[in-house]
Amino acid sequence: MSILLTVVSLMYLVSAACYVIGLHMMRTPKTARNGNRVSGVGMIIAVIMTLLVAISQKEATMTGGIILVIGLVLGLGYGAVRARTVEMTDMPQLVSLFNAVGGGAAAAIGAFDYLSKSTGSTLSFAFSFPVALDLVIGGITFSGSLIATGKLAGKISGKPITFPGAKVANALVVLVILVSVVLTIGFAVNPSWLILIICASLLFGILMTIPIGGADMPVVVSLLNAFTGLAVSMAGFVIDNQALIIAGALVGAAGTILTLQMAAAMNRSVLNIIAGGFGTDDSKG
Amino acid sequence: MSQELYTNVAIFVMSVLVGFEVISKIPATLHTPMMSGANAIHGAVVIGAILIALEAQSPLFYGLAFIAVFLGSVNVAGGYVVTDRMLTMFSKPKKPKNESDDGGDK
């Protein structure tokens, strides 16, 4: 390991510790704000370290570098401005939107690495399995969170939306996802499998979220948040980066516990909220 | 199983366990900020996006890398800023009682 990589790896560890300490501090109102800042400092350290790696990278093309800078400036700017200007009451849907883009980014990383393998080549299970999971979970959270954003913002009716044959449609889409996962994992690289897996996952995200009533949305957003964590973790396996694996797994697990607590606070079970939407007209209390 | 894969799986399992343990019972008023804070942490996906942008060599990959970098950086910047704003209501010394009650209704 070169000196730079050693330093970067050690600093990734520091940032991982910051996330854990930050989450821990966010459990009580008194320390919550500082907890978020501790975790934010960890994130800044990790991003700076990654940019150092980027600068030292000699294979990168000029265009790649320009795209990186433009994407970062636009993304950071848009995110920060939206977060600064949003009304307090509109925050939940903004969180849901930020969750959606996180899932989308994880799926884009998976698609990038899958396509970078030449068509027709066989993949190792250690690569194809996380890629498939990354695409499925990332796709579901992307479209699902966007629907949740729309429902919370009132752009989509907050009432449970159901249609005849919804159960059959769900079952079919799940089947297509399973088939495309098998195709991705077990067969040679083919861009068609990628398109199939992404389309089916996006469709399932929509079908999963539209039958759920607006009142249950915060729990659903929290669940999708945990999903995104898992997708990010899988993206970490795909590109072999421990910073992503740690952050994603941490959020996946913490988000799951949080989802259970939120559902319990509403005297509901998570299964009841998710399954209650499947094919029934009203979400039972 | 290669050494690298084993290391990654071990890191994954340990991180999941830490994630389960680090959150115990939290008050209902903090549910939304906690969700938002966790949302910001998975903004770490931007790290992966930066790394793939360096590998891109053709228009298709430039496009995918741009999408990943843009979406990831929206997630990370927006996540932390909006969480911080949510939590301002807890850090004011006089008001936290009333305002945190409001926060719980959302």
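Predicted, not measured: the structure shown is a model, and the values here were computed from it. A note on names: the letters A, B, ... follow the listed sequences, proteins ahead of strands, and every chain is numbered from 1.
When side chains are defined from C-beta on, A/L97 does not count as touching B/V74, because their heavy atoms never get closer than 4.5 Å. Side-chain contact between A/I48 and A/M11 is absent, with no heavy-atom pair separated by less than 4.5 Å. At a threshold of 4.5 Å between non-hydrogen side-chain atoms, the residues A/M266 and A/D216 count as touching. Side-chain contact between B/H31 and A/P218: absent, with no pair of heavy atoms (C-beta onward) separated by less than 4.5 Å. Put simply, the side chain of B/Y62 reaches to within 4.5 Å of the side chain of A/T61, judged on heavy atoms. Put simply, the side chain of B/I47 reaches to within 4.5 Å of the side chain of A/L244, judged on heavy atoms. Annotation: side chain of A/L250 is not in contact with side chain of B/H42 (no heavy-atom distance under 4.5 Å). At a threshold of 4.5 Å between non-hydrogen side-chain atoms, the residues A/Y114 and A/L123 count as touching.
Here the side chain of B/R85 pairs a donor or acceptor atom with the backbone of A/V86 at under 3.5 angstrom. For the pair A/T31 (side chain) and A/M25 (backbone), a donor-acceptor distance under 3.5 Å is present. Under a 3.5 Å cut-off, the side chain of A/T228 and the backbone N or O of A/L224 do form a donor-acceptor pair. Checking side-chain atoms of A/S143 against main-chain N and O of A/L202 turns up a donor-acceptor pair under 3.5 Å.
Looking at A/L94, only its side chain comes within 4.5 Å of chain B, counting heavy atoms on both sides. For B/V9, the parts lying near chain A are the backbone and the side chain together; criterion is any non-hydrogen pair under 4.5 Å. Residue A/A235: no heavy atom, backbone or side chain, is found under 4.5 Å from chain B. A/Y78 touches chain B through its side chain: at least one heavy atom from C-beta onward sits under 4.5 Å away, while N, CA, C and O do not. If you measure heavy-atom distances from A/L258 to chain B, the contacts under 4.5 Å come from the side chain alone. Looking at A/T259, neither its backbone nor its side chain comes within 4.5 Å of chain B, counting heavy atoms on both sides. For A/S233, the part lying near chain B is the side chain, with the backbone staying farther off; criterion is any non-hydrogen pair under 4.5 Å. Both the backbone and the side chain of B/V18 come within less than 4.5 Å of a heavy atom of chain A. For a residue to count as touching a neighbouring chain, one of its non-hydrogen atoms must lie under 4.5 Å from one of that chain's; by this rule A/R27 touches chain B with backbone and side chain alike. Only the side chain of A/Y12 comes within contact range of chain B, with at least one heavy atom under 4.5 Å from a heavy atom of that chain. At a 4.5 Å heavy-atom cutoff, the contact between B/V22 and chain A is made by backbone and side-chain atoms alike. For a residue to count as touching a neighbouring chain, one of its non-hydrogen atoms must lie under 4.5 Å from one of that chain's; by this rule A/V221 touches chain B with backbone and side chain alike. Contact annotation for A/N225: both backbone and side-chain heavy atoms come within less than 4.5 Å of a heavy atom of chain B. In this structure, no portion of A/S145 lies under 4.5 Å from any heavy atom of chain B. In this structure, chain B has a heavy atom under 4.5 Å from the side chain of A/D113, while its backbone stays farther away. For B/I41, the parts lying under 4.5 angstrom from a heavy atom of chain A are both the backbone and the side chain. At a 4.5 Å heavy-atom cutoff, the contact between A/I239 and chain B is made by side-chain atoms alone.
When the candidates A/I67, A/I70, A/I21 are compared by the number of heavy-atom contacts under 4.5 Å with chain B, A/I67 comes out ahead. Between chain B and the options A/A107, A/A108, A/G255, A/G71, the largest number of non-hydrogen pairs under 4.5 Å is found for A/G71. Listed options B/G37, B/G48, B/A53 were ranked by heavy-atom pairs under 4.5 angstrom with chain A; first place goes to B/G48. In terms of heavy-atom pairs under 4.5 angstrom with chain B, the leader among A/H24, A/M43, A/R84 is A/M43. In terms of heavy-atom pairs under 4.5 angstrom with chain B, the leader among A/I257, A/N36, A/L23 is A/N36. Per-residue counts of heavy-atom pairs under 4.5 Å with chain A were compared for B/G79, B/A40, B/A38, B/G63; the largest is that of B/A38. With chain A as partner, the option from B/V13, B/T83, B/L17, B/L5 having the largest number of non-hydrogen pairs under 4.5 angstrom is B/T83. With chain B as the partner, the residue from A/V47, A/V53, A/N241, A/T63 showing the most heavy-atom pairs under 4.5 Å is A/T63. Comparing B/S36, B/G72, B/S58 by how many heavy-atom pairs each has under 4.5 Å with chain A, the most go to B/S36. Counting heavy-atom pairs closer than 4.5 Å to chain A, the top residue among B/V45, B/V69, B/N39, B/N75 is B/N39.
One distance of note links CG of A/L13 with CD1 of A/I45; it measures 11.5 Å at 0.5 Å rounding. Taking CD1 of A/I44 as the reference point, atom OH of B/Y80 lies at 8.5 Å (rounded to 0.5 Å). To the nearest 0.5 angstrom, B/I23 atom CD1 is 3.5 Å from B/M34 atom CE. Atoms CG and CE, from A/L223 and B/M35 in turn, are 11.0 Å apart once rounded to the nearest 0.5 Å.
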